[in-house]
Amino acid sequence: MKKIEAIIKPFKLDEVKEALNEIGIQGMTISEVKGYGRQKGHKEIYRGAEYVVDFIPKIKIEIVAQSENSKQIIEKIQQAAHTGKIGDGKIFVYSVEEAIRVRTGERGAEAI
């Protein structure tokens, strides 16, 4: 099993979700996060005072899937989240040793 973690621009969430639904991915965890990379934040003016916004709002999507489905999931996320501009995001892939459904005790592929 693989855990796919994608950090994307917030306005791309619906497009990514629809693209994943098209290939049958139904379960995912979404978090609102903040961070920066090459964007380095930006400056804003509030009540006449200039201040730096170091952390930019992003969305983190987490999906645990069968290893054989991970390439297709990654491609769909990459296509749907792409704008061609700096700050499009990142995708990370981790190996998952075990998954357990709390309610039933199911393990492995049955749990996801």
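Between the OG atom in Ser70 and the CD atom in Glu75 there is a gap of 9.5 Å [rounded to 0.5 Å]. With values rounded to the nearest 0.5 angstrom, Lys9 atom NZ is found 11.5 Å from Glu15 atom CD. Distance check: Ile74 CD1 to Gln79 CD gives 12.0 Å after rounding to the nearest 0.5 Å. Atom CD1 of Ile4 is separated from atom NZ of Lys76 by 13.5 Å, given to the nearest 0.5 angstrom.
Note: the hydrophobic cluster containing Val33 does not contain Met28 (ILVMFWY, side chain heavy atoms under 4.5 Å, direct or indirect links). Both Val16 and Ile59 sit in one connected hydrophobic cluster of ILVMFWY residues. Membership requires side-chain heavy atoms under 4.5 Å apart, directly or through other members. Tyr94 and Ile61 fall into different hydrophobic clusters, defined by Ile, Leu, Val, Met, Phe, Trp and Tyr side-chain heavy atoms under 4.5 Å apart, directly or through other members. No path of Ile, Leu, Val, Met, Phe, Trp and Tyr side chains, each step under 4.5 Å between heavy atoms, connects Ile25 with Val96, placing them in separate hydrophobic clusters.
No side-chain heavy atom of Arg101 sits less than 4.5 Å from a side-chain heavy atom of Glu110. Looking only at side-chain heavy atoms (C-beta outward), Ile77 and Ile63 come within less than 4.5 Å of each other. A 4.5 Å side-chain heavy-atom check between Glu32 and Pro57 finds every atom pair outside the cut-off. By the 4.5 Å heavy-atom criterion applied to side chains, Val64 and Lys2 are not counted as neighbours. Residues Ile8 and Asp88 have side chains not in contact (no heavy-atom distance under 4.5 Å, counting atoms from C-beta outward). At a threshold of 4.5 Å between non-hydrogen side-chain atoms, the residues Ile73 and Leu20 count as touching. Annotation: side chain of Glu5 is in contact with side chain of Lys60 (closest heavy-atom distance under 4.5 Å). Lys34 has its side chain out of reach of Ile56: every pair of non-hydrogen atoms, C-beta onward, lies at least 4.5 Å apart.
Surrounding CD of Gln26 are at most 12 heavy atoms belonging to other residues, nucleotides or ligands under 6.0 Å away.
Scanning all heavy atoms of the two residues, the minimum distance from Ala99 to Ile112 falls at CB-CG2, 4.0 Å.
Residues Lys3 and Glu62 are paired through a salt bridge, judged by an N-O separation under 4.0 Å between the basic side chain and the carboxylate.
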Requested in this report: Check step by step if side chain to side chain contact (heavy atoms under 4.5 Å, CB included) holds for Ile7 and Phe92.
Outcome: CA-CA 9 Å; Ile7 311 293; Phe92 304 99; 4.3 Å; yes
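A side-chain donor-acceptor contact under 3.5 Å links Thr104 to the backbone of Glu106. Counting only distance, with no hydrogens or angles, the side chain of Lys12 and the backbone of Thr83 share no donor-acceptor pair below 3.5 Å.
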